[in-house]
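It should be emphasised that the depicted structure is a prediction, and the values quoted were computed from it without experimental measurement. The sequence lines fix the lettering, A, B, ..., with proteins before strands; numbering per chain opens at 1.
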Number of protein chains: 2
Amino acid sequence: MGMDERKFRILQAIIDDYILTAVPVGSRTISKKYDMGLSSATIRNEMSDLEELGYLDQPHVSAGRVPSAKAYRLYVDQMLASGRIRSDRPEAVVAHLNARTHQMEDVIDQAAQVLSSLTNYTAVVLPPTKPQPIIRTLQLVPVTQNSVLVVVVTDGGIVRDSVIPVSGSLDADALYSISRSLTEQLSGHTLAEATAMLPQIAARMRDNERLLAQLGGFFEETEEHAQRGHVGIGGASNMLSYPEYSDAEKARGFLSLIETRDKLASIIAHHGDVAFTVRIGPETGVPEISDCSIVTATYSTRSGRQGTIGVIGPTRMQYSRVISVLGAMGQQLSQLFGTQDAEKESPKGSDQT
Amino acid sequence: MGMDERKFRILQAIIDDYILTAVPVGSRTISKKYDMGLSSATIRNEMSDLEELGYLDQPHVSAGRVPSAKAYRLYVDQMLASGRIRSDRPEAVVAHLNARTHQMEDVIDQAAQVLSSLTNYTAVVLPPTKPQPIIRTLQLVPVTQNSVLVVVVTDGGIVRDSVIPVSGSLDADALYSISRSLTEQLSGHTLAEATAMLPQIAARMRDNERLLAQLGGFFEETEEHAQRGHVGIGGASNMLSYPEYSDAEKARGFLSLIETRDKLASIIAHHGDVAFTVRIGPETGVPEISDCSIVTATYSTRSGRQGTIGVIGPTRMQYSRVISVLGAMGQQLSQLFGTQDAEKESPKGSDQT
DNA sequence: GTTAGCACTCACCGGTTGAGAGTGCTAACA
DNA sequence: TGTTAGCACTCTCAACCGGTGAGTGCTAAC
């Protein structure tokens with residue numbers, strides 16, 4: 001028993017129906033609504049096979065079937081391979097995006113807004129990646145017996161600090177000399193480079209291994225934070241209209257994930273160079289949204305820096321629509337940032353003071 | 001029958017209990033948990049009176065009583081008058097707010113974060129008000145027979161545009177001459193001034209009354225938008241944990257209100273000069289949150305500009321706690337922005353490019 | 001290989017019932 | 001006159017129950 005053409009057509013019908021209704025779909029529904037020229041009994045047999053193959057789940061014995069993550073995966077791969085997706089509907093995107101202000105952050109926010117209202121899911125827009133900040137100074141300040149405050153100043157005036165625990169007791173003088181030594185060695189390097197250099201340094205001044213390890217974590221965190229600017233989010237409330245999230249506790253979990261923008265951004269952030277990414281259910285790697293899918297696309301600025309746009313929705317997402325809307329939006333943003341790069345990206349202090 | 005001391009004490013007990021439990025409170029509960037030295041029957045009589053006076057509502061005949069908005073009002077007024085509120089707990093606020101980055105926007109976001117996690121409600125933080133943008137140019141462009149695109153350029157490079165409907169048909173030339181004339185008259189003025197000037201101008205060139213009226217609205221909208229910078233929001237998902245918002249549709253309404261930051265900001269924005277504002281239920285004037293209360297406080301920068309912080313929660317809010325936390329946070333922000341005003345408020349283009 | 005038929009399973013709905021909480025009223029009491 | 005005990009009454013809520021319908025798996029016939 002393998003996956004033949006007919007099985008695939010039936011599976012597709014099931015997915016289509018389930019995406020529409022969110023109700024487990026039975027054999028009769030398929031044989032009637034989607035005319036396959038087959039009786040419900042035959043469909044039943046095929047469905048049973050599909051379940052055995054892992055494409056369908058059955059909530060309970062006398063309910064219809066529900067597509068599994070594996071099924072959606074197949075469905076989406078097939079869809080992408082067939083080239084049926086064109087990024088159509090640029091008109092809608094243009095219409096919404098056009099007539100407004102032109103600050104970078106506003107564009108980002110608006111893009112998220114438009115994406116969410118066109119798809120009815122939750123949209124996230126990340127600004128183009130930024131060049132890596134370079135360390136200027138690093139300073140350790142004693143706070144209590146076993147914690148120190150670490151302050152990093154980078155070029156561009158970004159300051160970040162945090163309290164980290166230390167094991168041995170270190171007095172102010174010791175900390176100061178460590179600070180000097182670290183500043184000397186790390187100054188001029190990016191945070192990523194610094195992180196890579198720490199183990200070496202730790203080897204040399206091995207009294208403070210634990211401290212330096214902590215420092216590595218802090219660098220990574222700081223870098224992530226510095227990397228991303230304003231994250232645009234739209235339509236978080238849309239999620240509440242899907243029966244998947246009628247459970248208050250689940251909804252709460254989802255929303256608090258959305259609220260922690262840093263976490264959200266690192267989830268959405270595009271890995272690799274492909275035009276689209278589709279992550280389905282558990283593929284997202286985030287337990288809170290294990291029954292969601294994430295579709296992302298990229299756009300790029302004239303200077304070659306890339307930004308990410310993404311849509312989060314239930315696994316029974318209208319993938320084709322989402323992908324096509326994302327495509328259109330990606331193009332639009334690329335165009336917008338491509339043509340007027342300089343203007344858009346540096347709003348100066350104009351509206352800040 | 002008036003409001004005597006005893007009635008007030010009973011009312012207070014009812015409110016305290018209801019704030020804690022969200023369950024209609026009965027006479028027996030009061031006589032047992034809060035020892036008043038009165039039997040439940042007596043309390044019952046008093047409660048009946050309180051209901052007649054409009055301080056209590058009864059969901060149905062055999063349920064306990066629930067405080068009305070009027071009751072909360074009395075409760076809060078009394079609390080404020082008694083001076084029982086000191087803005088204590090600055091330690092907690094300081095602890096959370098201290099050890100972090102120092103960009104204006106980050107501080108705002110973090111303040112919202114801290115407020116929401118200390119109160120378990122939804123927090124909103126508005127940045128200090130900005131100086132009014134001044135009009136440089138105004139341009140009208142025909143779009144269709146009965147709509148024109150209006151573009152305003154202000155100092156600071158802020159551009160805003162929008163399509164507005166017009167009645168009579170106007171050709172490009174006519175629009176251009178109107179644009180020139182308007183630019184001439186309005187250039188150099190703030191948007192607020194311009195709004196005030198429009199009626200006069202309309203009187204002079206009275207063919208286009210409707211157009212100018214529309215323009216007024218547009219100015220106001222633009223001003224509002226320009227006025228506010230980044231709005232910090234924290235703990236929107238907290239609201240879902242209260243039984244008041246277990247209804248999905250209601251929760252959705254609340255969240256989409258929170259999502260439209262402009263609207264939210266204008267709701268929160270502080271009117272007047274008082275230290276605190278407490279708006280209870282219908283007093284908020286926003287139907288979507290007619291069973292919420294909003295507490296706001298202000299902070300100010302060295303340059304005398306004011307920002308607003310606010311907390312939104314169910315009407316059965318822990319007012320005293322919220323007010324004290326807001327007080328502490330207000331002080332903290334004032335201090336933060338007061339001492340290092342210049343630095344904090346103009347992050348330059350540093351992290352933008 | 002396909003289909004009709006049939007027995008079986010279960011979620012879901014609507015009505016019923018009993019328990020519990022709370023009230024309002026009345027009458028007795030201090 | 002204010003307070004309290006007692007009691008009948010109301011109404012929600014949760015549990016229970018049986019019927020209904022959708023859907024399945026299996027078998028036997030085509």
Closest approach of B:Cys292 to B:Thr284 (non-hydrogen atoms, all atoms of both residues): O-CG2, 3.9 Å
Minimum heavy-atom distance between A:Gly232 and A:Asp109, given as atom pair plus value: CA-OD1, 3.7 Å
Residue pair A:Asp57, A:Arg65: steps toward the salt bridge (charged side-chain N to carboxylate O under 4.0 Å, His left out) verdict: CA-CA 6 Å; A:Asp57 292 329; A:Arg65 305 304 215 285; over 6 Å; no
B:Leu326 vs B:Thr296 side-chain heavy atoms within contact, under 4.5 Å: no
Qualifying ring-ring contact (aromatic ring centres under 6.0 Å, His included) pairs, either residue in residues 236-261 of chain B, two or more places apart: B:Tyr121-B:Tyr242, B:Tyr245-B:Phe254
Within residues 10-62 of chain B or reaching into it, pairs that qualify as ring-ring contact (aromatic ring centres under 6.0 Å, His included) - sequence neighbours excluded: none
Salt bridge (charged side-chain N to carboxylate O under 4.0 Å, His left out) partner of A:Glu288, the single match among A:Lys250, A:Arg252, A:Lys263: A:Lys263
Base-contact (B) and sugar-phosphate-only (S) positions in nucleotides 1-16 of chain D, heavy-atom cut-off under 4.0 Å, - elsewhere: --SBBB---BBS----
Output the rounded distance in Å from [atom1] ([X]) to [atom2] ([N]).
| X | N | atom1 | atom2 | value |
| --- | --- | --- | --- | --- |
| B:Glu51 | C:dG22 | CD | P | 15 Å |
| A:Lys7 | C:dG1 | NZ | P | 10 Å |
| A:Gln58 | D:dG23 | CD | P | 11 Å |
| A:Met47 | D:dG25 | CE | C1' | 13 Å |
| A:Leu56 | D:dG25 | CG | P | 11 Å |

Sorted by number, the residues of residues 8-32 of chain B with heavy-atom contact under 4.0 Å to DNA chain C: B:Gly26, B:Ser27
Reported CZ-to-OG distance for the pair A:Arg261 and A:Ser266, which is rounded to 0.5 angstrom: 14.0 Å
Rounded distance (nearest 0.5 Å) linking atom CD1 of A:Ile323 with atom CG of A:Leu80: 4.5 Å
Overall bend - the helix from C:dG1-D:dC30 to C:dA30-D:dT1, comparing terminal axes fitted on five pairs, nearest 10 degrees: 20°
Within 6.0 angstrom of A:Asp35 CG, more than 12 heavy atoms from elsewhere: no
Pairing residues for B:Tyr75 by the ring pair (Phe, Tyr, Trp, His ring centres under 6.0 Å) criterion, not counting sequence neighbours: none
